[in-house]
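Numbered from 1 within each chain, the chains take letters A, B, ... in sequence-line order.
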There are 2 protein chains.
Amino acid sequence: MPRAGLDADVVTRAAAALADETGLVNLSMNVIAERLSVKAPSLYKHVDSLSSLIHRIAILATTELGDAIRDATQGRAGGDALAAAAHALRSFVGGHPGRYAAILGARPGGPDDPLHAALSRSLNSFSAVLRGYQLDLAEETHALRMLRSSLHGFASLEMSDGFQIGTDVDDSFAWMIQFIDQGLRAGGESSNSGKGDRVAARSVTGASRG
Amino acid sequence: MPRAGLDADVVTRAAAALADETGLVNLSMNVIAERLSVKAPSLYKHVDSLSSLIHRIAILATTELGDAIRDATQGRAGGDALAAAAHALRSFVGGHPGRYAAILGARPGGPDDPLHAALSRSLNSFSAVLRGYQLDLAEETHALRMLRSSLHGFASLEMSDGFQIGTDVDDSFAWMIQFIDQGLRAGGESSNSGKGDRVAARSVTGASRG
DNA sequence: GCTAAAAGCTAGCACTTATAGCTTACGCTG
DNA sequence: CAGCGTAAGCTATAAGTGCTAGCTTTTAGC
């Protein structure tokens, strides 16, 4: 029996591709092994367990997603950057549903979990987009969370066929982006027009805590 | 052996409670049976399969969630109704993560699937909230999708510990609600200030298509 | 009190993840 | 080039899934 030339990375990429094709939930050691022309137990020479393999997929996917958003927003600012980032995320989800599902289900482990770094880089891409709106420091965290919630929510609802037919989903997505853009522009000019101590100046700590 | 007095509904509620306690993914026929002081195969006398049981949980949860939002928004309007609905959803997710996960993973089946009705009622509660902003018909669909995306995204990110520490999550949630409220109020007054044919008047069909 | 439906049980199948231990391929050093 | 050691593959197997088959027992209705 010649060797297959496997390796943690090769296994992870094969599993990620398979997850995109057939869904993350249908991923099993058997189908991954079949794809690699190998028997299931052999995979354990390269990977600790199925869950750790899915964790690796999440890290890979988060990195890829962060790169895609960074690339898409490169050289853009304001509403253009926002739209580019949003579309990059949505097309990633559309093209890689299995990878995205892995991201959603992932929870960072110890402090040296590579997922932490990948997540931070991904968040920084969004932060960079927001920086164009010149919000104050406290608001930027809120805005970042709002942005992530909206985009992630939209993508995952769309992924699970959560929107009934009747109105074009692309239109709704464009509408939402514009809604956010307008709100952020308005908030940048006249903040604090609301209920009161909402943005209670939470001291000056490091950025990118979304 | 005396009989346990089981029934599809009793099994579903026990499974839902267990899902909230230990997570939907950890739900198995064995643990449900144990909770009911019965052996696993006995459950099949009342329920078709584990997946159909989870589907039942989703129907139950969607109904409960719809009721909670309806009750919370009763007698309120505008921003108050929006905030009440949002908090109702978030507290539902916080108190019933397993049920909510079942909702997220559910996909309606045939046309007579009770999940359809439950989902519609739930959507109508959100629609009723939006009606206070007097958007035109086409925009209401977009706004409904945006609202669902934001709230669902926030809740599910929070559920999976997606927000790092650093800023209070409650503050961010309040901020997001106000952001949406302000945007909707502005949109109600001066619509169509944007890119152009975004809201291309999509004829007058029945409502609640989110 | 008898009959029959239905609720519970045990046994077992097919599938999963994962481990143990064997064999064989490959790369490095003498 | 020989041989040795590491590591990659394998088979066999354990433990735990969901689910079915078929049996026993309870319980409701006549």
Side-chain angles (χ1 to χ4, degrees), chain A residues 1-60 98-99 101-102 104-107 109 115, chain B residues 1-60 98-99 101-102 104-107 109 115:
Chain A
M1 287 269 147
R3 300 205 177 174
L6 299 186
D7 145 343
D9 207 64
V10 172
V11 174
T12 303
R13 287 176 193 281
L18 215 39
D20 286 336
E21 293 166 24
T22 67
L24 185 69
V25 291
N26 297 114
L27 209 60
S28 80
M29 295 304 258
N30 239 322
V31 296
I32 301 168
E34 268 180 28
R35 166 69 59 105
L36 293 165
S37 305
V38 139
K39 305 291 178 179
S42 307
L43 299 178
Y44 290 89
K45 297 285 181 181
H46 308 286
V47 158
D48 283 346
S49 66
L50 178 63
S51 59
S52 95
L53 176 54
I54 292 175
H55 194 82
R56 280 174 185 275
I57 296 176
I59 295 167
L60 170 68
R99 283 169 160 88
L104 296 189
R107 225 166 323 290
L115 186 58
Chain B
M1 288 271 145
R3 300 205 178 173
L6 298 186
D7 147 342
D9 207 62
V10 172
V11 174
T12 303
R13 286 176 193 283
L18 216 39
D20 286 337
E21 293 167 24
T22 68
L24 186 68
V25 291
N26 297 113
L27 209 59
S28 79
M29 296 304 259
N30 241 321
V31 296
I32 301 167
E34 267 181 28
R35 166 69 59 105
L36 293 165
S37 305
V38 139
K39 305 292 179 179
S42 307
L43 299 178
Y44 290 89
K45 298 284 183 179
H46 309 287
V47 158
D48 283 346
S49 66
L50 178 64
S51 59
S52 95
L53 176 55
I54 292 176
H55 194 83
R56 279 173 185 276
I57 297 176
I59 295 168
L60 170 69
R99 281 170 162 88
L104 296 189
R107 229 170 313 294
L115 185 57

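The side-chain heavy atoms of Leu53(A) and Leu43(A), taken from C-beta on, include no pair separated by under 4.5 Å. Within the 4.5 Å cutoff, the side chain of His55(A) has heavy atoms near those of the Ile59(A) side chain. Taking 4.5 Å as the limit, every side-chain heavy atom of Leu60(B) sits out of range of all side-chain heavy atoms of Ile57(B). Contact of the Arg35(B) side chain with the Glu21(B) side chain is registered, since non-hydrogen atoms from C-beta on lie closer than 4.5 Å.
In terms of position along DNA chain C, the nucleotide closest to Gly5(B) lies nearer the 5' end than the nucleotide closest to the other residue of the pair Lys45(A) and Gly5(B).
Here the side chain of Pro41(B) is nearest to one of dT20(D), dG22(D), dT19(C), namely dT20(D).
Across the protein-nucleic acid pair, Tyr44(B) atom OH and dA7(C) atom C1' stand 16 Å apart, rounded to whole Å. Going from atom CG of Leu43(B) over to atom P of dA6(C) covers 18 Å, rounded to whole Å. In this entry the distance linking CG of Leu50(B) with P of dT20(D) reads 12 Å, nearest Å. Atom CZ of Arg3(A) and atom C1' of dG9(D) are 7 Å apart (whole Å). The separation between Leu6(A) atom CG and dA25(C) atom P is 16 Å, rounded to whole Å. Asn26(A) places its CG atom 11 Å from the P atom of dT17(C), with the value rounded to the nearest Å. Rounded to a whole Å, the CG atom of Asp7(B) is 15 Å from the C1' atom of dG8(C). Note: CG (Leu53(B)) to P (dT17(D)) measures 16 Å, nearest angstrom.
One finds no side-chain N or O of His46(A) lying less than 4.0 angstrom from the OP1 or OP2 phosphate oxygen of dA7(D). Listed pair Asn30(B) / dT17(D) meets the phosphate criterion, a side-chain N or O lying under 4.0 Å from OP1 or OP2. The side chain of Ser42(B) contributes an N or O atom lying less than 4.0 Å from OP1 or OP2 of dC9(C).
Across all strands, Ala40(A) comes closer than 4.0 Å to no nucleic acid atom at all (heavy-atom distances). Contact annotation for Ser28(A): backbone-only contact, meaning every heavy-atom pair under 4.0 Å involves sugar-phosphate atoms and none involves a base.
Checked by distance alone, Lys39(A) brings no side-chain donor or acceptor within 3.5 Å of a matching partner on the base of dG9(D).
Residue Val47(A) is tested with Val11(A), Asp7(A), Leu6(A), Ile54(A) for a side-chain contact (heavy atoms from CB on, under 4.5 Å); the sole match is Val11(A).
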